[in-house]
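Read the structure below first, then the notes.
Below, chains carry the letters A, B, ... as their sequence lines are ordered, and counting in each starts from 1.
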There are 2 protein chains.
Amino acid sequence: MNTASSRTEAEREREFLANYDPHQYAPVAVTVDVAAFTIREGTLSVLLVQRAAPPYANAWCLPGGFLSPDQSGRFPDLASAAAMRLAKETGLTSEVAGADDRLARVHLEQLASYGTPRRDPRMHVISVAYVALAPDLPEPVAGEGTLAARWLPVEEAASLTLAFDHNQILADALERARGKLEYTSLATAFLPKEFTISQLRKVYEIVWGEDLTPSVFRRKVHATAGFVLATGQHTAHGGAGGGPRAVLYRAGGQALLHPAIEREATTVRRLGIDEAVSS
Amino acid sequence: MNTASSRTEAEREREFLANYDPHQYAPVAVTVDVAAFTIREGTLSVLLVQRAAPPYANAWCLPGGFLSPDQSGRFPDLASAAAMRLAKETGLTSEVAGADDRLARVHLEQLASYGTPRRDPRMHVISVAYVALAPDLPEPVAGEGTLAARWLPVEEAASLTLAFDHNQILADALERARGKLEYTSLATAFLPKEFTISQLRKVYEIVWGEDLTPSVFRRKVHATAGFVLATGQHTAHGGAGGGPRAVLYRAGGQALLHPAIEREATTVRRLGIDEAVSS
DNA sequence: AGAATAGTGTCTGTTAGACACTATTAG
DNA sequence: CTAATAGTGTCTAACAGACACTATTCT
């Protein structure tokens with residue numbers, strides 16, 4: 001297109017960048033916060049940390065922190081920053097691979113960004129929030145700058161007054177997680193590498209808080225190619241109160257569910273009658 | 001919880017904030033970019049602007065800019081910043097209300113944030129991207145700092161090399177817009193206040209690039225209560241090549257579609273056969 | 001008149017949910 | 001043995017897509 005003037009353009013670009021001063025504008029900060037969910041003792045739980053320093057000292061909040069460069073001045077990308085925050089609080093670093101692959105199997109996805117003015121009293125802060133779905137992770141260890149770190153049942157966490165606007169972020173993250181189970185195969189992210197259909201069903205029941213018909217659920221799962229892959233193996237024992245040994249499956253990669261497995265909250269009436277607008 | 005020490009805590013928080021220096025950290029910038037879609041001349045089009053200054057001088061990109069405070073030092077929230085960018089480039093300011101309500105009816109939603117290192121050569125920049133769906137808007141006027149502003153058919157826009165990572169943002173925004181038509185009533189955002197079912201169907205056909213069976217589509221729309229509201233009025237003329245006058249409808253508020261109106265790209269096979277994993 | 005469009009009705013194969021039923025294993 | 005669980009099969013009402021059909025209006 002503009003190849004004719006490309007040389008001078010390139011020069012101009014170089015000159016511009018050499019003279020650019022990033023400090024000339026009003027300061028804005030970016031934080032990355034993570035709403036990490038796991039299933040512990042039959043309950044959907046979220047990872048919270050207790051703040052040691054102001055602002056909101058002593059208050060609980062989602063793990064997170066300022067996006068900042070490493071020693072060599074390089075910034076991580078947003079997803080890496082979120083993964084680092086999570087690893088720090090759970091005490092599971094991805095460097096210790098092999099020893100525990102649970103952190104490697106964590107599903108991490110961006111939720112949304114929050115930038116309401118005065119959501120942070122220090123300065124204008126944009127928070128990029130992530131949602132993490134994880135198999136049963138160990139009890140977290142409080143990292144530097146935090147008094148404590150805990151898995152809390154989501155209802156309990158939502159009833160607390162969290163720092164900043166983290167109640168809002170938590171609510172949005174919960175809705176995202178619940179909704180995603182409907183149309184993706186992400187429920188497997190809550191389970192160990194091998195699992196049974198019953199365990200998979202329990203994930204849905206716990207996350208949604210409603211019971212599903214076992215046989216219907218089983219058919220729906222098998223109706224989506226690539227949701228689960230049979231290993232050919234069986235569990236060592238039958239169900240808790242008896243029953244045959246169940247077939248073990250593995251997660252079959254990311255799959256979109258068609259049709260979706262719907263929760264009741266989503267199953268809305270379809271009356272099909274337009275309300276007339278009186279002119 | 002910590003009411004016992006709340007006074008001293010409050011004092012500590014005040015003291016901390018008084019001494020806080022926002023400039024002590026490495027600078028990060030936040031931009032807000034908008035992928036605004038509209039339907040012009042039977043084609044899904046996106047609003048692009050041509051950059052006047054480095055970096056990427058002369059290149060086309062999505063309208064957007066740095067998140068910065070106004071004269072009184074106050075930052076807008078992210079959605080307002082996006083709306084301002086859009087208003088500036090379309091020449092339609094929301095202050096001129098009454099004269100034209102089309103801008104007021106624009107649907108604006110957050111898409112995602114982009115923070116890949118070196119996506120901006122000036123410094124580390126996090127871009128919060130928004131998607132806008134708008135009824136047929138006027139030809140844009142180039143704002144300050146831009147050489148030109150145009151509506152471009154999305155295929156044409158996607159074939160250009162846009163500045164920064166805006167090709168990626170555009171692709172994500174397109175997929176968001178196409179997907180959202182499936183399970184929400186947002187298609188009405190592309191239409192004037194009153195419209196016919198055929199016009200609504202054309203929106204789907206244009207955005208998805210596939211034909212829909214008129215009678216099936218009509219039933220699906222009416223099957224979702226609250227999608228459209230009959231006004232009782234009819235169009236002044238029949239269809240282009242003849243036909244009765246169509247009933248006029250208005251958008252019936254935000255509705256979730258159940259069942260969804262699916263495009264072919266989403267209709268996947270459901271074979272229901274697990275591939276066995278060989279040990 | 002002819003063609004295109006708006007809108008309704010009908011037919012048929014598919015599917016969802018419910019539930020019966022068998023087989024297997026824990027206690 | 002009894003109860004609980006894994007997994008399969010069957011029945012039925014509802015629904016999706018296809019398409020026939022009528023009515024209306026433009027050219």
Checklist entry - Once you round to the nearest 0.5 Å, how far does CG of A:Leu170 lie from CG of A:Asp165? => result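 The distance works out to 11.5 Å.
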Next on the checklist: For B:His234 and A:Gly238, find the nucleotide of DNA chain C closest to each by heavy atoms; which residue's nucleotide sits nearer the 5' end?
Outcome noted: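 Taking each residue's closest nucleotide, the earlier one in sequence belongs to B:His234.
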N/O to N/O distances under 3.5 Å, protein versus nucleotides 1-4 of chain D:
from: D:dA4; atom 1: O4'; to: A:Gly241; atom 2: O; distance (Å): 3.3

Round to the nearest Å and state the distance from [X] atom [atom1] to [N] atom [atom2].
| X | N | atom1 | atom2 | value |
| --- | --- | --- | --- | --- |
| B:Ile261 | D:dG17 | CD1 | C1' | 14 Å |
| B:Phe217 | C:dA6 | CZ | C1' | 14 Å |
| B:Arg218 | D:dC15 | CZ | P | 20 Å |
| B:Asp211 | D:dG17 | CG | P | 15 Å |
| B:Arg245 | D:dT25 | CZ | C1' | 8 Å |
| B:Arg201 | C:dG7 | CZ | C1' | 12 Å |
| A:Gln199 | D:dT5 | CD | C1' | 13 Å |
| B:His237 | C:dA6 | NE2 | C1' | 16 Å |

Next on the checklist: Tell me whether the count of non-hydrogen atoms from other residues, nucleotides or ligands lying under 6.0 Å of CD in B:Glu41 goes above 12.
Outcome noted: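 Counting neighbours around CD of B:Glu41, 12 or fewer heavy atoms of other residues, nucleotides or ligands fall under 6.0 Å, so no.
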What N/O pairs connect the protein and nucleotides 12-14 of chain C at under 3.5 Å? Give each pair on its own line.
none

Residues 235-245 of chain B, side-chain donor-acceptor partners within the protein, below 3.5 Å, at least two apart:
from: B:Thr235; atom 1: OG1; to: B:His237; atom 2: O; distance (Å): 2.8
from: B:Thr235; atom 1: OG1; to: B:Ala246; atom 2: N; distance (Å): 3.0
from: B:Arg245; atom 1: NE; to: B:Ala236; atom 2: O; distance (Å): 3.3

Can you tell me which nucleotide in [options] comes closest to the side chain of [X]?
| X | options | value |
| --- | --- | --- |
| A:Ser198 | D:dG17, D:dT5, C:dA26 | D:dT5 |
| A:Arg219 | D:dT10, C:dA6, D:dG17 | D:dT10 |
| A:Ser215 | D:dT8, D:dA16, C:dG9 | D:dT8 |

Checklist entry - Salt bridge or not for A:Arg263 and A:Glu175, using N-O below 4.0 Å? => result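 Between A:Glu175 and A:Arg263 there is a salt bridge, with a charged N closer than 4.0 Å to a carboxylate O.
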Next on the checklist: Strictly below 4.0 Å, N to O, side chains only: are A:Glu262 and A:Lys220 in salt-bridge contact?
Outcome noted: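 Salt bridge flag = no for A:Lys220 with A:Glu262.
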Checklist entry - Would one find a side-chain N or O of B:Thr213 under 4.0 angstrom from OP1 or OP2 of D:dG17? => result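 Answer no for this pair, as no side-chain N or O of B:Thr213 is under 4.0 Å from OP1 or OP2.
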Item to check | Residue-phosphate contact under 4.0 Å: A:Lys220 side-chain N/O, C:dG17 OP1/OP2 | outcome: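 Result: yes.
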Checklist entry - Under a 4.5 Å cut-off applied to non-hydrogen side-chain atoms, are B:Leu186 and B:Glu109 in contact? => result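 Yes - at least one pair of side-chain heavy atoms lies under 4.5 Å apart.
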Item to check | Pair listing, ring pair (Phe, Tyr, Trp, His ring centres under 6.0 Å) test, anchored in residues 191-210 of chain A, at least two apart | outcome: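 Listed once each, the pairs are A:Tyr204-A:Trp208, A:Tyr204-A:Phe217.
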Next on the checklist: For B:Ala142, give me all partners under side chain to side chain contact (heavy atoms under 4.5 Å, CB included), at least two apart in sequence or on another chain.
Outcome noted: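 Testing B:Ala142 for side chain to side chain contact (heavy atoms under 4.5 Å, CB included), a comparison that skips the adjacent residues, returns B:Thr146.
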Item to check | side chain to side chain contact (heavy atoms under 4.5 Å, CB included) involving A:Glu156 - partner list, sequence neighbours excluded | outcome: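 Once residues adjacent in sequence are excluded, the partners of A:Glu156 under the side chain to side chain contact (heavy atoms under 4.5 Å, CB included) criterion are A:Leu152, A:Pro153.
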